[in-house]
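Worksheet: the structure to be examined is printed underneath.
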Amino acid sequence: MWVLQSHQIIQPAQFLSHRCYTCNGSSRPQLCFLTLNPSTSTSKANKNNNHLIQSLCRQGNLKQALQVLTNEPNPTQQTYELLISSCAHQHSLSDGIHVHRRLVDSGFDEDPFLATKLINMYSELGSVDHACQVFDDTRDKTIYVWNAIFRALAIVGRGEEVLHLYGQMNWIGIPSDRFTYTYVLKACAASEDLNLPLQKGREIHGHLLRHGCDGNVHVMTTLLDMYARVGSASYASSVFSAMPIKNSVSWSAMIACYAKNGMPIKALELFHQMILEEHDSYPNSVTMVSVLQACAALAAFEQGKMIHAYILRRGLDSILPVLNALIVMYGKCGELALGQRVFDQMKRRDVVSWNSLISNYGMHGFGKRAIQIFDKMINQGVSPSRISFISVLGACSHAGLVEEGNFLFESMVSKYNMHPSMEHYACMVDLLGRANRLDEAIKLMDNMHIEPGHQVWGSLLGSCRIHCNVELAERASSVLFELEPRNAGNYVLLADIYAEAKMWDEVKRVKNLCEARGLLKVPGCSWIEVRRKIYSFVSVDEINPQIEQLHAFLTKLANEMKEQGYATQTKEVLYDLEEEEKERIVLGHSEKLAVAFGLINTSKGETIRITKNLRLCEDCHSVTKFISKFANREILVRDVNRFHHFKNGFCSCGDYW
DNA sequence: ATAGGGTTAG
């Protein structure tokens with residue numbers, strides 16, 4: 001932790017004088033800037049040496065440049081400038097430190113220009129603490145110096161320190177400029193330790209308005225993005241509409257905001273507005289990545305295909321992130337073969353391309369295939385990333401491949417020298433727990449080298465839900481209520497488990513606890529795309545104009561099913577009600593409404609594609625299996641975890657989900 | 001001398 005020392009806070013008048021306020025001029029008498037000005041050297045040899053160092057730096061020959069430096073008593077500012085940028089370019093921290101030392105010896109540590117360069121160099125070399133040291137040692141802190149340290153700290157997420165220093169800068173009376181605002185806003189958004197990023201961000205918003213920066217595209221886009229990152233899409237959108245000048249970056253930032261904050265329909269609407277409205281901002285590859293993400297989130301296959309065609313027309317189909325996003329989009333629309341085709345046709349692939357393909361197969365329950373692709377990636381010399389392991393372990397989990405998953409998990413350390421993170425442990429607990437090997441899951445948790453976090457306990461609780469283990473669920477949820485008291489999902493899971501065990505008093509207790517803490521259960525919501533339009537359904541929907549028709553359809557279907565010996569699975573209903581009433585509630589589940597809507601509004605032979613924001617309930621699962629046979633339709637449902645491909649009375653998950 | 005948006009998992 002590094003902060004500006006309290007004795008360094010000084011009054012503006014004092015700050016402007018060149019007297020050292022830290023030591024009152026006593027500590028570095030040898031560094032008097034005026035008497036030892038290196039530029040006063042006129043020797044021809046020196047001049048040549050300086051030129052030589054500079055040209056060596058320009059050629060990228062840092063080592064030789066440093067050798068010449070040892071014979072040069074009076075390097076110039078420009079020489080240092082080139083040396084510093086060369087060290088950054090060559091990624092050599094040790095050389096950077098060496099140049100810095102020489103620079104101090106030459107008395108250039110009073111030069112704010114070089115201090116700025118040094119801070120940027122250290123930031124690029126990953127040593128922010130060195131950068132802070134330079135900042136501390138620089139008495140004449142110009143706005144460039146301040147901005148450089150803000151940038152360095154913001155990049156590594158030390159937002160709290162940026163804001164602390166920003167406060168000091170304001171107090172001293174140094175005016176911010178447009179660059180300052182971009183860094184400080186980034187610090188709000190990227191801060192890991194900031195309590196109230198939104199509040200702080202709004203404060204900076206006020207400052208920049210007072211400084212008249214509201215016409216600057218860079219500042220305003222950063223502001224928009226800051227609101228997006230702290231989850232305030234509505235603030236972001238009001239900044240966006242207030243912007244007098246917008247460019248492609250501002251449009252992309254706004255689209256990305258919607259795509260990332262669970263508003264994919266708005267993202268697509270804004271994209272269409274971007275294309276149709278008269279202005280100079282055209283979508284580029286970055287825009288398209290967010291648009292594809294929105295299609296993926298909605299499983300909007302028709303839209304996705306149109307966007308793909310647009311990408312081809314605009315010649316954006318050679319850009320790696322765009323192609324990767326296409327693989328994901330097709331995968332999340334249930335079109336594995338199309339995702340594979342994009343992958344096969346790529347001229348270059350990176351680890352993200354491989355990971356995307358692995359998780360596509362994993363999501364669809366093709367665990368063995370996912371492992372094969374993982375192995376193929378290794379064989380082609382691509383080193384797996386942390387996410388590669390999360391993807392492949394997730395694939396094992398969906399397919400119940402416990403031994404394979406264990407093997408891969410062990411190989412992480414033994415073969416790839418990678419230490420499993422919290423997420424990896426969460427995957428393993430999920431894998432073991434789903435397979436009803438809860439004892440092994442607990443054992444793994446006991447042997448973790450880090451304290452198990454909410455992800456891990458959450459996986460365990462999810463497994464308890466599947467296997468209705470009340471005792472373990474109580475243990476897991478008591479930890480979770482401590483770790484993330486505001487996550488309503490945990491309360492719902494526990495209540496589900498109690499309900500299944502018919503422990504109605506306990507159900508009530510958990511529901512009351514949830515209510516007392518002011519938490520709302522996330523409503524079940526499903527989406528379906530019909531003729532390029534997206535329709536959404538929430539459970540017990542009364543807004544949809546076809547709702548009567550849908551209910552009639554479902555009731556008729558339910559009767560039909562009963563005649564064929566099907567019993568409604570009502571155990572997921574959280575109330576102790578009459579069976580008939582429970583059936584009515586289960587009948588109103590959003591995914592059933594969406595399935596019914598799809599059947600009514602599409603033609604025979606058309607695949608029905610549905611996404612759901614929660615896990616598919618057991619009754620919906622068996623009803624959809626029934627419908628797929630009864631109506632002879634393929635139905636694809638993607639829930640939060642994975643795909644269910646219903647066909648001819650069976651589901652691709654093999655009832656393991 | 002310094003600035004803004006995007007990809008993989010759960």
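FYI, side chains are in, hydrogens and waters are out, and symmetry mates aren't considered; it's all heavy atoms of this structure. In the text below, chain A, chain B and the rest are named by the order of the sequence lines, each starting its count at 1. On a predicted model such as this, the values are computed, not experimentally measured, just so you know.
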(message) Nearest to the side chain of A/H218, heavy atoms from C-beta on, is which of B/dG10, B/dT2, B/dG4?
(response) B/dG4
(request) Supply the atom-to-atom distance A/E484 CD to A/Q455 CD, rounded to the nearest 0.5 angstrom. (result) 8.0 Å
(request) Tell me which nucleotide among B/dG6, B/dA3, B/dT2 gets nearest to the side chain of A/N147. (result) B/dT2
(message) Of the listed nucleotides (B/dA9, B/dG6, B/dG5), which one gets closest to any side-chain atom of A/S252?
(response) B/dG5
(message) For A/Y183 and A/F150, I'd like to know if the aromatic rings sit close, meaning centre-to-centre distance below 6.0 Å.
(response) no
(message) Let's see if you can work this out: which of B/dG4, B/dT2, B/dT8 has an atom nearest to the side-chain heavy atoms of A/I387?
(response) B/dT8
(message) Quick check: do A/Y361 and A/L336 have side-chain heavy atoms less than 4.5 Å from each other?
(response) yes
(message) Of the listed nucleotides (B/dG5, B/dG4, B/dA3), which one gets closest to any side-chain atom of A/V217?
(response) B/dG4
(request) Can you figure out which of B/dT8, B/dG6, B/dA1 approaches the side chain of A/Y144 most closely? (result) B/dA1
(request) Taking only the side-chain heavy atoms of A/T222 (C-beta and beyond), determine which of B/dG10, B/dG4, B/dT7 contains the nearest atom. (result) B/dG4
(message) Less than 4.0 angstrom between a side-chain N/O of A/R386 and OP1 or OP2 of B/dA9, yes or no?
(response) no
(message) With a 3.5 Å cut-off and heavy atoms only, can you find an N or O donor on one side and an acceptor on the other between the side chain of A/N247 and the base of B/dG4?
(response) yes
(request) Fit a plane to each ring of A/Y181 and A/H211, take the angle between them on a 0 to 90° scale, and name the class: parallel (under 30°), tilted (30 to 60°) or perpendicular (over 60°). (result) tilted
(message) For a quick test of reading the model: is some side-chain N or O of A/R229 closer than 4.0 Å to OP1 or OP2 of B/dG6?
(response) yes
